[in-house]
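Note sheet for the following structure.
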Amino acid sequence: MSSRCAGRDEAAAGETEEAPAEDAAAAGDLPSFTEAQVASGKAAFDANCAVCHGDTLTNNTYGPPLAGEFFHENWEGAAAADLVAKVHTMPPSAPDSLSAEVYADMAAYILSVNGLPAGTEPLTAESGGTISFAQ
């Protein structure tokens with residue numbers, strides 16, 4: 001599996017304008033997700049994703065790391081909805097085989113592990129917010 005598994009598609013990354021994402025992040029427009037989603041997402045991740053991405057999201061066997069520097073470089077400034085959409089492409093052998101809620105919960109868990117704070121609104125495929133990590 002290539003490192004593009006966890007990264008945004010190169011074509012999509014090339015179409016994204018940097019200034020709006022930076023402005024949104026600077027304005028505090030972070031993705032919102034709930035603590036309940038994080039808990040549910042961890043259970044779903046452990047059952048469905050850890051075999052490839054590792055139980056710490058960085059001790060991967062087949063998939064790229066979903067936490068830390070590699071993930072930050074690939075997802076800084078991206079829309080939260082893009083991450084949810086990317087998670088829907090997993091696993092490669094059965095994309096979109098889980099419910100939309102489970103995929104959103106796993107994306108919330110990934111964001112939480114990467115240091116984003118939980119909020120009050122659940123993360124969905126239509127969520128706004130820009131992924132930004134503390135520097």
Side-chain angles (χ1 to χ4, degrees):
M1 185 180 324
S2 76
S3 64
R4 289 182 60 203
C5 177
R8 295 179 284 162
D9 291 331
E10 290 170 301
E15 295 170 7
T16 302
E17 292 181 15
E18 293 296 322
E22 289 173 8
D23 290 345
D29 187 22
L30 292 174
S32 182
F33 54 87
T34 66
E35 288 289 345
Q37 281 188 297
V38 173
S40 175
K42 179 180 181 352
F45 183 91
D46 289 347
N48 296 286
C49 310
V51 67
C52 290
H53 295 282
D55 60 353
T56 67
L57 286 74
T58 59
N59 59 337
N60 46 316
T61 304
Y62 300 106
L66 299 177
E69 186 177 342
F70 178 84
F71 184 81
H72 293 190
E73 288 175 1
N74 279 282
W75 288 95
E76 176 71 32
D82 290 346
L83 178 61
V84 175
K86 183 61 180 178
V87 176
H88 273 271
T89 69
M90 296 289 122
S93 61
D96 210 25
S97 58
L98 302 170
S99 73
E101 182 179 339
V102 169
Y103 280 117
D105 291 354
M106 289 190 295
Y109 171 64
I110 292 166
L111 291 173
S112 176
V113 169
N114 281 282
L116 275 71
T120 57
E121 296 296 318
L123 184 66
T124 70
E126 293 81 32
S127 288
T130 301
I131 299 170
S132 183
F133 305 102
Q135 300 299 324

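- Counting heavy atoms from C-beta outward, P95 and M90 have side chains that stay 4.5 Å or more apart.
- Considering V113, L57, I110 as possible partners of F71, the one that fulfils the side-chain contact (heavy atoms from CB on, under 4.5 Å) test is I110.
- Between A118 and T34, the shortest heavy-atom distance links the atoms CB-C, 4.2 Å.
- The CD atom of E69 lies 12.0 Å from the CZ atom of F133; values are rounded to the nearest 0.5 Å.
- Minimum interatomic distance between F33 and A108 (heavy atoms only, all atoms of both residues): CB-CB, 3.6 Å.
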(request) Walk me through it: do S132 and E76 pass the test side chain to side chain donor-acceptor pair (under 3.5 Å)? (result) CA-CA 5 Å; S132 183; E76 176 71 32; 3.1 Å; yes
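- Taking all atoms of both residues into account, the shortest heavy-atom contact from A44 to V102 is CB-CG1, 3.7 Å.
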(message) Working note: V51 + Y62, criterion side-chain contact (heavy atoms from CB on, under 4.5 Å); need CA distance, chi angles, decisive distance, verdict.
(response) CA-CA 8 Å; V51 67; Y62 300 106; 5.6 Å; no
(request) Mind running side chain to side chain donor-acceptor pair (under 3.5 Å) on T58 and T56 for me, showing each step along the way? (result) CA-CA 5 Å; T58 59; T56 67; 3.1 Å; yes
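- Residues in residues 93-103 take part in no salt bridge (Lys or Arg N to Asp or Glu O under 4.0 Å) pair, two or more places apart or across chains.
- For S93, the side-chain contact (heavy atoms from CB on, under 4.5 Å) test picks out P91, with sequence neighbours left out.
- Residue pairs meeting the side chain to side chain donor-acceptor pair (under 3.5 Å) criterion with at least one member in residues 105-116, sequence neighbours excluded: Q37-D105, S40-D105, H72-N114.
- Residues forming a side-chain hydrogen bond (donor to acceptor under 3.5 Å, both in side chains) with S97 (at least two apart in sequence, or on another chain): none.
- Inter-residue side-chain proximity for M106 and C49 is flagged as met; some heavy-atom pair is nearer than 4.5 Å.
- A search for side-chain hydrogen bond (donor to acceptor under 3.5 Å, both in side chains) contacts involving S32 returns nothing, not counting sequence neighbours.
- For the salt bridge (Lys or Arg N to Asp or Glu O under 4.0 Å) test, residues two or more places apart in sequence or in another chain that qualify with D46 are K42.
- Within the 4.5 Å cutoff, side-chain heavy atoms of H53 are placed close to those of P64.
- Considering every non-hydrogen atom in both T124 and S127, the closest pair reads N-OG, 2.7 Å.
- Between A104 and V84, the shortest heavy-atom contact is CA-CG1, 4.4 Å.
- With rounding to the nearest 0.5 Å, the separation of CG in L30 from CG in L116 is 5.5 Å.
- At least one side-chain heavy atom of L111 sits under 4.5 Å from a side-chain heavy atom of I131.
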